[in-house]
Amino acid sequence: MIFDGYKICVLSGFAGFTKMSGEIISKNISKNGGTIIPLPQARNQTSNLTLIIVPEQSDEKMILKVMNLTSLPSCPLVSPNWAINSTNSKTLHDPNDYQIKKTELPIKRQSPQTYQSPPQSPFEAYKTLPLVPLSNSPEMNRTQTNPILNQNNTRLHDDLLQNKDKYMFTKEQPNLNEHITSVLEILMENYFLLRDRGRGFAYRSAIIVLKSHPEKIICGDQVGNLQKVGKKIKKKIQEILETGTLKRVKAMDEQSRLKAIKEFSKIWGVGSATADKLFTLGYRTLDDLRKNIPQFLNDNQRICLELFDEIKERIPREEVKEISDQVVEYAKLLLPNKDIEANTCGSYRRGKETCGDIDILLTFDDVLENKLFLRELVDYLIEKKVVTHVLILSENCKKHESFTFEGIAKKPDGLHRRLDIKIYPRKYYAWALMHFTGSANFNRSIRLFAKNKGLKLTDEGLFPAIRSHGETICGGNLVECYTEEDIFRLFDMPYKPPEQRDL
DNA sequence: CAGTAG
DNA sequence: GGGCCTTACTG
DNA sequence: GCCC
């Protein structure tokens, strides 16, 4: 047994080292004689540990935070590759060859010369695996074949045909129960703000059912056996039908805590947890915050607090287009020989008259070979005074084969506006376009449907993802789609233009 | 890891 | 008793 | 809060 006598703690779930990978590595270590020390115990007995496996991309600060320690343990910190290579070769590799340097932080701004190509995408590694058979589907009824799927995927075709009409993303009619769902939506939002996730989810699923119910509910008996609508929610529906509102909602509106959390969580970068913390510290209004800025707010939160009054304003469609056009124009200037394809997504693409932010998606050939392009584009936009602030700039496409900028833009005479720019390789473009066009509810619906078929739909494609005894097995992308029309054909649905994805 | 965002 | 769209980044 |  190669790991005999080794006491190992595996730190995963951050810095690009997924929990799933961590679990698989832990399992393999145990299988080969090693002892896995879970984090809580490891914290108290760092001197007992042989070594700690940490993400390749982690640094001292992150490790201290995750371990909740003030100084690093004395044992070596090694890369997950040590365990992977040792297991694969059935021989113990020298941990010293895999040490993560303790003091040196990873370079945030890599220069072109020192840029190292990122490790393989996890999906790449699975591409050679045979497709996992999908759930048991009837062997008959295979008269027509889906033009997107080849013969090997007839099972997938059958599976995608089944039951999809139960889901919101296939919905054809408008919401007939707006009078009920609008009230329940307030309740749902309040519960999420109060971090009562359970109730939040419960109301969310009940709302989905009510929205897709084919008849208008005017009497409590009609909800008799609706899925997800249980006793309590049924009672609330009756109250809404009688009084037009809910006592619970009225009572919540009076709560000073919820009031403050609602206000604070509108600040970009501040969620329910931070908002709650602010309330506990005695803050009640945005003005309280401005007068005495809390120490623990990070730079991004401070910027967005300062610009709050501008960022909160909806952006007229016209202005979204102007800023988008400018960004795309500069992108084309920087890459004159590339055929750049661009879409402004989000509510703009869904046809709204005003938008909360500006969400631009770009692609061209060889995206992954132009790793520094987004940074150059952002630098250029800063120079041209289009972009005023950078909130997030992901420069490494190691796991996710794409690039993201999140920041703030402004026209010379305009307000500060939230701007996102994403760059995806062509082969993911249609999936990404669909993802960023939303709506969020549309995405949820179609993803839940995929999930129930043993599939995983993301901004990068459709994958088999079978969960069995705790491990998720991911296959390579099932099909290549280069247009949204292809994705809808794949799901055997008539094409839905973006304006109809407002669930 | 928790929190936040898409 | 766990899951409730998924994935990535920050601190 | 609801469902498996």
Side-chain angles (χ1 to χ4, degrees), chain A residues 11-20 22 39-40 43 55 57-68 108 122 167-169 184 187-188 191-192 195-209 226-236 265 267-277 296-301 304 345-346 356-357 359 361 391-406 418 420 422 431-432 435-452 455-461 463 465 467 472 474 503:
Chain A
L11 295 186
S12 64
F14 66 105
F17 181 33
T18 61
K19 260 192 155 172
M20 190 182 98
L39 180 58
R43 254 194 281 270
Q57 312 275 335
S58 59
D59 61 48
E60 178 177 337
K61 214 169 121 192
M62 293 157 85
I63 292 166
L64 289 179
K65 189 139 185 172
V66 170
M67 294 201 73
N68 198 11
K108 191 156 184 187
Y167 293 82
M168 282 286 285
F169 73 96
L184 294 183
L187 205 48
M188 173 187 82
Y191 279 126
F192 276 120
R195 288 184 299 167
D196 186 346
R197 288 166 53 86
R199 286 194 176 78
F201 281 124
Y203 281 101
R204 175 183 284 166
S205 26
I207 288 165
I208 289 171
V209 171
L226 276 186
Q227 288 270 302
K228 305 285 180 180
V229 180
K231 253 190 192 161
K232 304 267 196 73
I233 295 185
K234 182 178 174 179
K235 222 175 149 192
K236 293 201 171 54
S265 55
I267 305 167
W268 190 95
V270 174
S272 49
T274 306
D276 198 2
K277 200 160 151 190
F296 68 87
L297 288 190
N298 63 35
D299 291 348
N300 286 347
Q301 292 165 329
C304 294
C345 304
D357 62 2
D359 198 351
L361 182 62
L391 300 170
I392 285 172
L393 183 55
S394 95
E395 301 182 273
N396 45 355
C397 59
K398 45 185 194 304
K399 182 183 186 334
H400 207 240
E401 297 185 331
S402 62
F403 303 87
T404 301
F405 158 81
E406 289 171 32
R418 277 274 300 108
D420 291 349
K422 334 256 157 126
W431 304 103
H435 171 87
F436 290 112
T437 300
S439 65
N441 278 337
F442 178 84
N443 286 350
R444 270 187 204 110
S445 173
I446 192 164
R447 278 159 201 225
L448 180 61
F449 169 74
K451 189 183 176 116
N452 289 338
L455 299 165
K456 188 173 75 167
L457 174 65
T458 74
D459 54 349
E460 288 187 351
F463 309 90
R467 294 194 69 101
T472 304
C474 259
L503 303 187

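Note on naming: letters A, B, ... go to the chains in the order of the sequence lines (proteins, then strands), and numbering restarts at 1 for each one. Treat the numbers as computed from the prediction; the structure is a model and nothing was measured.
- For the pair A:Arg418/A:Leu391, a side-chain contact is recorded, criterion being any heavy-atom separation below 4.5 Å from C-beta on.
- Heavy-atom neighbours of A:Lys277 NZ from other residues, nucleotides or ligands within 6.0 Å: at or below the threshold of 12.
- A:Ile207 places its CD1 atom 13 Å from the P atom of D:dC2, with the value rounded to the nearest Å.
- With P as the reference atom, D:dC2 and C:dT7 are 29 Å apart, rounded to whole Å.
- Of the residues near DNA chain C, A:Asn443 and A:Asp299, the one whose nearest nucleotide (by heavy atom distance) lies more toward the 5' end is A:Asn443.
- For the pair A:Leu187/A:Lys236, a side-chain contact is recorded, criterion being any heavy-atom separation below 4.5 Å from C-beta on.
- Separating the CG atom of A:Leu391 from the P atom of C:dG11 is a distance of 11 Å, rounded to the nearest angstrom.
- Whole-Å rounding puts the A:Phe436 CZ to B:dA5 C1' distance at 11 Å.
- Of the inter-residue distances, the one linking A:Phe442 atom CZ with A:Thr437 atom OG1 reads 9.5 Å to the nearest 0.5 angstrom.
- When the shell of 6.0 Å around CZ of A:Arg195 is examined, it contains more than 12 heavy atoms from other residues, nucleotides or ligands.
- Within 4.0 Å of A:Asp196, counting heavy atoms only, lies no atom of the nucleic acid at all.
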Between side-chain atoms of residues 202-209 of chain A and protein atoms elsewhere (two or more places apart, or another chain), which donor-acceptor pairs fall under 3.5 Å?
| from | atom 1 | to | atom 2 | distance (Å) |
| --- | --- | --- | --- | --- |
| A:Ser205 | OG | A:Phe201 | O | 2.8 |
| A:Ser205 | OG | A:Ala202 | O | 3.3 |

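- Remark: A:Phe405 pairs with no residue by the ring-ring contact (aromatic ring centres under 6.0 Å, His included) rule, at least two apart or across chains.
- To the nearest whole angstrom, the two C1' atoms, one in C:dG1 and one in B:dA2, are 22 Å apart.
- Sequence order on DNA chain C of the closest nucleotides to A:Asn300 and A:Ala440 puts A:Ala440 first from the 5' end.
- Nearest nucleotide to the A:Ile392 side chain, out of D:dC2, C:dC5, C:dC9: C:dC9.
- What separates CZ of A:Phe442 from P of C:dC5 is a distance of 15 Å, to the nearest Å.
- Here the nucleotide nearest the side chain of A:Arg204, chosen from B:dG3, C:dC5, C:dG11, is C:dC5.
- Applying the 4.0 Å criterion to OP1 and OP2 of C:dC4, one finds that A:Arg447 has every side-chain N and O outside that range.
- Backbone-only contact: A:Gly230 has heavy atoms under 4.0 Å from sugar-phosphate atoms and none from a base.
- A:Glu460 has its CD atom 9 Å from the P atom of C:dT7, to the nearest Å.
- Taking the side chain as every heavy atom from C-beta outward, A:Leu297 and A:Thr274 approach each other to under 4.5 Å.
- Rounded to an integer number of Å, the gap from A:Leu297 CG to B:dT4 P is 11 Å.
- Picking from C:dT7, C:dC4, C:dG11 the nucleotide with the shortest atom distance to the side chain of A:Thr458 gives C:dT7.
- Here the C1' atom of nucleotide C:dT10 and the CD atom of A:Glu406 are 11 Å apart, to the nearest Å.
- Nucleotide D:dC4 holds its P atom 17 Å from the CZ atom of A:Phe201, rounded to whole Å.
- At a non-hydrogen distance threshold of 4.0 Å, A:Ile267, A:Trp268, A:Gly269, A:Val270, A:Gly271, A:Ser272, A:Ala273, A:Thr274 from residues 267-276 of chain A come into contact with DNA chain B.
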